[in-house]
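Quick note: residue numbers are just sequence positions, from 1. Atoms within each ligand, like the ligands themselves, are counted from 1 in listed order. Note: hydrogens, waters and symmetry copies are ignored here, and every other heavy atom, side chains too, is used.
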Amino acid sequence: MTDSKKTLVVDPLDLAAGNGLMNRRLFLNSALVGGATLATGGSAFAQEAIVGEGQEEWTLMPGDDLPEYGDVSRYEKGRVKRFVSEPVGLATAALGARTPLHMLHGTITPSGLHFEVTHHGIPDIDPDRHQLVIHGMVKQPFKWGVEQLENYPTVSRQYFLECSGNTRVNWAEPKPDQNFMYMTHGLVSGSEWTGVPLSTLLDECGVSPDAKWVIAEGGDSGSLARSIPIDKALDDTMVAIYQNGERLRPSQGYPMRILAPGFEGNISVKWVRSLHVTDQPVMSRFETSKYTDKLHDGKSLQFSLEMDVKSVITRPSNAVSLEKKGMYEITGLAWSGRGKVAKVEVSADGGRTWADAVLEPPIQSKMLTRFRIPWMWEGRPSILQSRATDEFGRVQPSRAALMAARGKQAYYHYHAIHSWSVNARGAIRHVYA
Ligand SMILES: Nc1nc2c(c(=O)[nH]1)N[C@H]1C(S)=C(S)[C@@H](COP(=O)(O)O)O[C@H]1N2
Ligand SMILES: [Mo]
């Protein structure tokens, strides 16, 4: 039994920054897990034990038969789900399904919860009739079905995928958007992708030394097309056929997609059917009217493909408020489109002081990294923020710095520090700080 009135005694040596941020060493040496810290004062989480429980009906009879394809508990079905936008006309608008980041742990997004952006709906592709062709500036064009692709040596790597429209409401909205965080940040997910390196297939075709771009075209009705720089195509880009150990889901591009690690999601063309090797980009509407960044002077940045360094606190967040004073774990995700996350700092006082969070290994290039730090909330109004730095020294900017650099008219590639204000009752709101 815990005594909820006893106050938590915090060793001042354990404080890492202002307003109750604790030294991450509390996690590293498992002092918290040992109970010494959390048990005092009654943690914010534990409940009193009631003797005599444990005879629920499921303990009294045999359970169900085994399904051939497993599913989540029926109690989770309504609770853990993607958040799907209204279908507003397939021809012009993109449909989005957002990952419930605040409900997930670790870094791998369950396939059924991977975010999805689809401009023309999900095609119902028969894998026996779908083929990928490589043509254009090559010695010999070739084509492959998914069964033929499987004969090649494959690679399996964990990568994040983020739509460059993720968090875009924060550019323009003068008032901070109060939708729950999955609406502002849920267009990012992490998976293990298995596929054939695109370089293997290009080598087989014999790419001309004058080639500069590979134009990928999808097999959906709108034939979404994007130009991939040849260096990226020959580097870590793959034709993915598996996600988290099983064939791609229809939402993710079944039976094959481009996966261009660390680049904006739009270029990872799903349901890919054609790769045209050329010396010029195709200038499709997805790289002219869309996915370009309008600057102060009315000019636009085009082909800003590599995603910036970014992070967000997923718990607590405006979707998960605090119920009472006590010790909490602040946790979230950080990522960089260029490489590994090197550091995540957390502030509980609106950026006046910062403490280093623990980064949970393995820390992988172009993949989500989980961070965590203990926080003693003493019931004071607080502003929680996270700031990521990648291995190249790129630091996640404040919103003011990002707006100063890129202007207010931008739409894509928002990646500034996100701020959660906690009031004295523990209610959490998104604020600009
Ligand atoms: N063929 C095709 N590929 C596509 C899209 C599409 O509509 N059609 N949407 C793109 C966009 S905008 C993004 S952000 C990513 C999303 O990938 P996901 O749905 O697997 O998360 O796919 C990209 N690839
Ligand atoms: Mo996107």
Practice problem: Flag the pair V320 / I428 as yes when at least one side-chain heavy-atom distance between them is below 4.5 Å, and no otherwise. | Solution: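 In short, these two side chains do not touch, never coming nearer than 4.5 Å.
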Exercise. Please name all residues satisfying salt bridge (Lys or Arg N to Asp or Glu O under 4.0 Å) with R387, sequence neighbours left out, ordered by chain then number.
Key: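 Counting only residues at least two positions away or on another chain, R387 forms a salt bridge (Lys or Arg N to Asp or Glu O under 4.0 Å) with E345.
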Quiz item: Listed by chain and number, what are the salt bridge (Lys or Arg N to Asp or Glu O under 4.0 Å) partners of R429, not counting sequence neighbours?
Solution: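 By the salt bridge (Lys or Arg N to Asp or Glu O under 4.0 Å) rule, R429 matches no residue at all.
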Practice problem: Of all the heavy-atom pairs spanning N166 and L187, show the shortest one and how long it is. | Solution: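 Reported closest heavy-atom pair: OD1-N, 3.1 Å.
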Quiz item: Residues in side chain to side chain donor-acceptor pair (under 3.5 Å) with Y69, at least two apart?
Solution: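 Expected list: E246, R249.
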Quiz item: Aromatic rings H276 and H135: how do their planes relate, parallel, tilted or perpendicular, breaks at 30° and 60°?
Solution: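 The arrangement is parallel - the two ring planes meet at less than 30°.
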Are there any N/O pairs under 3.5 Å between ligand 1 and the protein, and if so, what are their distances?
from, atom 1, to, atom 2, distance (Å)
ligand 1, 1 (N), D220, OD1, 3.0
ligand 1, 1 (N), D220, OD2, 3.2
ligand 1, 1 (N), K270, O, 3.0
ligand 1, 3 (N), K270, N, 2.9
ligand 1, 7 (O), H119, N, 2.8
ligand 1, 8 (N), D220, OD2, 2.7
ligand 1, 9 (N), V117, O, 3.1
ligand 1, 17 (O), R257, NH2, 3.1
ligand 1, 19 (O), V117, N, 3.2
ligand 1, 19 (O), K270, NZ, 2.6
ligand 1, 20 (O), Q252, NE2, 3.1
ligand 1, 20 (O), R257, NH1, 2.8
ligand 1, 21 (O), H114, ND1, 3.2
ligand 1, 21 (O), F115, O, 2.6
ligand 1, 24 (N), S268, O, 3.1

